[in-house]
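Working notes for the structure below.
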Amino acid sequence: MPGIPTAAVSRLVTYLRILEELERAQTLTTSSGALAGRAQVSAFQVRKDLAYFGRFGTRGMGYTVSVLKRELTRVLGLNRSWNVVIVGMGRLGQAVAHYPGASEYQFGYVGLFDVKTELIGKHVDVPAQREQVSGLGQAPPPRQLRIEHIRDLADFAQQQRGCQQAIDMGFLAVPPEHAQSAAQSLVEAGIKGILNFAPTLIQPRSKEGGPLQEISDEWRDVMVENVDFLVGMKRLAFYMLNPQLKDQDPEERT
Ligand SMILES: NC(=O)c1ccc[n+]([C@@H]2O[C@H](COP(=O)([O-])OP(=O)(O)OC[C@H]3O[C@@H](n4cnc5c(N)ncnc54)[C@H](O)[C@@H]3O)[C@@H](O)[C@H]2O)c1
């Protein structure tokens, strides 16, 4: 598959959300025009984004909502479960742990880590993982997880692998000055996906003695996604002051 623009993948998430709303409203079919209207992009853009992954509709007939929803769920990898640990159980870590939305997409918290003595051993309610992606069933009651010390992460990850429950992702919710070392702990524990909430860039470690761009083995294939709501606020401020500069990306024009 050729490289796919990040913006296209973000839009797929938006289309999936729209399809879920359509399904809740018991709408059976939709079209690229209708999806485009709700997603505020062009119909051409919707067709182009979907075409990266295959053919989902019938020309002139549009899309069956349930089929397109199922296909986008599959394309986005949301039809399988993802085991997640949260590193940093301060204000943000606790809020993320409690938020039930992630479990609707099979993101299940399996471990919570921190360094603060007063937090270690504390139990935190996390949402139970849903068996089905449909999100229509009754939410199961929450589970409790114990906050562990970050130095126990590698052993914990190994135990998880031993029972076929390998950790897929780590959510990094530590202060920026600790983000790099916490990311290193995740990577040394064999975790390949990092969702970094700290306002700092995580740098892959280079091979010892090698050139800077030569990534060390444990960092190979590690994916880092940065999440920062302040980026959205700054962009909003810019466009509020410069509304005439708000335009679609060139690739979004029909
Ligand atoms: N992306 C966003 O939109 C967004 C929003 C809010 C906060 N943040 C960022 O998220 C991070 C956390 O914010 P907060 O308000 O929860 O901070 P906080 O101080 O309440 O919590 C941080 C926690 O990380 C722990 N910690 C420090 N070093 C650690 C390590 N090496 N391993 C494990 N745990 C460690 C601390 O003991 C503390 O409990 C900050 O970097 C903040 O800037 C991002």
Side-chain angles (χ1 to χ4, degrees), residues 6-7 9-11 13-14 17 76 78 82-105 107-127 142-161 165-206 215-216 218-219 222-240:
T6 313
V9 178
S10 301
R11 285 190 295 266
V13 177
T14 304
R17 201 181 311 139
L76 289 166
L78 301 176
W82 295 92
N83 293 323
V84 178
V85 292
I86 303 177
V87 174
M89 284 302 292
R91 285 161 295 204
L92 182 64
Q94 304 233 8
V96 168
H98 291 312
Y99 178 61
S103 65
E104 283 170 23
Y105 294 102
F107 293 101
Y109 303 121
V110 294
L112 311 174
F113 292 86
D114 206 288
V115 288
K116 249 186 212 157
T117 319
E118 60 266 36
L119 286 177
I120 310 302
K122 205 178 146 206
H123 286 83
V124 174
D125 277 350
V126 299
R143 297 169 295 134
Q144 285 213 322
L145 288 181
R146 185 180 183 274
I147 303 178
E148 308 290 345
H149 198 284
I150 188 73
R151 64 172 167 252
D152 297 326
L153 175 62
D155 285 347
F156 178 78
Q158 197 164 357
Q159 282 167 23
Q160 288 288 119
R161 278 193 290 275
Q165 289 287 320
I167 303 166
D168 301 297
M169 300 178 184
F171 289 4
L172 215 52
V174 302
E177 61 275 22
H178 298 295
Q180 186 67 42
S181 73
Q184 186 62 32
S185 303
L186 285 167
V187 170
E188 282 170 8
I191 299 164
K192 296 289 185 193
I194 300 178
L195 190 65
N196 172 36
F197 290 97
T200 182
L201 287 179
I202 303 293
Q203 305 291 341
R205 185 182 274 183
S206 51
I215 290 173
S216 68
E218 81 255 22
W219 275 91
V222 172
M223 289 276 172
V224 181
E225 277 283 322
N226 298 296
V227 182
D228 191 347
F229 82 97
L230 287 174
V231 170
M233 286 177 84
K234 289 172 193 165
R235 203 166 39 213
L236 179 62
F238 174 80
Y239 281 126
M240 286 179 79

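Since we're looking at a predicted model, the values are computed, not measured. Values below: all heavy atoms of this structure, side chains included; hydrogens, waters and symmetry mates excluded. Read the numbers this way: they start at 1 and go in the same order the structure lists the ligands and their atoms.
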Using a strict cut-off of 4.0 Å, indicate which atoms of ligand 1 neighbour a heavy atom of [X].
X      : value
Ala173 : 11 (C), 12 (C), 22 (C), 23 (C), 24 (O)
Pro199 : 41 (O), 43 (O)
Leu92  : 7 (C), 8 (N), 10 (O), 14 (P), 16 (O), 44 (C)
Ala198 : 41 (O)
Pro176 : 41 (O)

Fill in: Nearest non-hydrogen partners of Ala198 and Val174, listed with the distance
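Residues Ala198 and Val174, closest heavy atoms: CB-O, 3.5 Å.
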Discussion item. To check you understand the geometry: which heavy-atom pair defines the closest contact between Asp228 and Pro199, and what is its length?
Written reply: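 Asp228 and Pro199 have their closest heavy atoms at OD2-CB, 4.1 Å.
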Discussion item. Using only atom types and a distance under 3.5 Å, with no angle test, would you say the side chain of Asn83 pairs donor to acceptor with the backbone of Gln165?
Written reply: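 Yes, the answer is positive, given that a donor and an acceptor are paired below the 3.5 Å cut-off.
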Practice prompt. For Gln203 and Gln180, indicate whether the former's side chain and the latter's backbone hold a donor-acceptor pair under 3.5 Å.
Written response: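 No.
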Discussion item. A quick test of your reading: do over 12 heavy atoms of other residues, nucleotides or ligands sit less than 6.0 Å from CD of Glu225?
Written reply: no
Worksheet item: Which part of Leu119 is near ligand 1, with near meaning a heavy atom under 4.0 Å away: side chain, backbone, both or neither?
Response: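 Side chain only; the backbone of Leu119 stays clear of ligand 1.
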How far is [atom] from its nearest protein heavy atom, and which residue and atom name does that atom have?
atom                    : value
atom 30 (C) of ligand 1 : Val115 CG1, 3.7 Å
atom 18 (P) of ligand 1 : Arg91 NH2, 3.8 Å
atom 27 (C) of ligand 1 : Pro175 CD, 3.7 Å
atom 21 (O) of ligand 1 : Gly90 CA, 3.2 Å

May I ask you to check whether [X] has an N/O atom sitting below 3.5 Å from an N/O atom of ligand 1?
X      : value
Phe229 : yes
Val87  : no
Phe197 : yes
Ala182 : no

Worksheet item: For atom 40 (C) of ligand 1, which of Asn226, Val174, Ile150, Val96 has the closest heavy atom?
Response: Val174
Item to complete: Would you tell me which option among Val227, Asp114, Leu195 has the nearest heavy-atom contact to atom 23 (C) of ligand 1?
Response: Asp114
Worksheet item: Distance from Ile194 atom CD1 to Leu172 atom CG, nearest 0.5 Å?
Response: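 Nearest 0.5 Å value for the CD1-CG distance: 6.5 Å.
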Discussion item. Apply side chain to side chain contact (heavy atoms under 4.5 Å, CB included) to residues Val222 and Ile202 and explain how you reach the verdict.
Written reply: CA-CA 11 Å; Val222 172; Ile202 303 293; over 6 Å; no
Worksheet item: Who passes side-chain contact (heavy atoms from CB on, under 4.5 Å) against Glu148, sequence neighbours left out?
Response: Phe113, Arg146
Discussion item. Please enumerate all residues that pass side-chain contact (heavy atoms from CB on, under 4.5 Å) together with Pro142, with sequence neighbours excluded.
Written reply: Asp125
Worksheet item: Are the side chains of Val9 and Leu76 in touch, meaning some heavy atoms are under 4.5 Å apart?
Response: yes
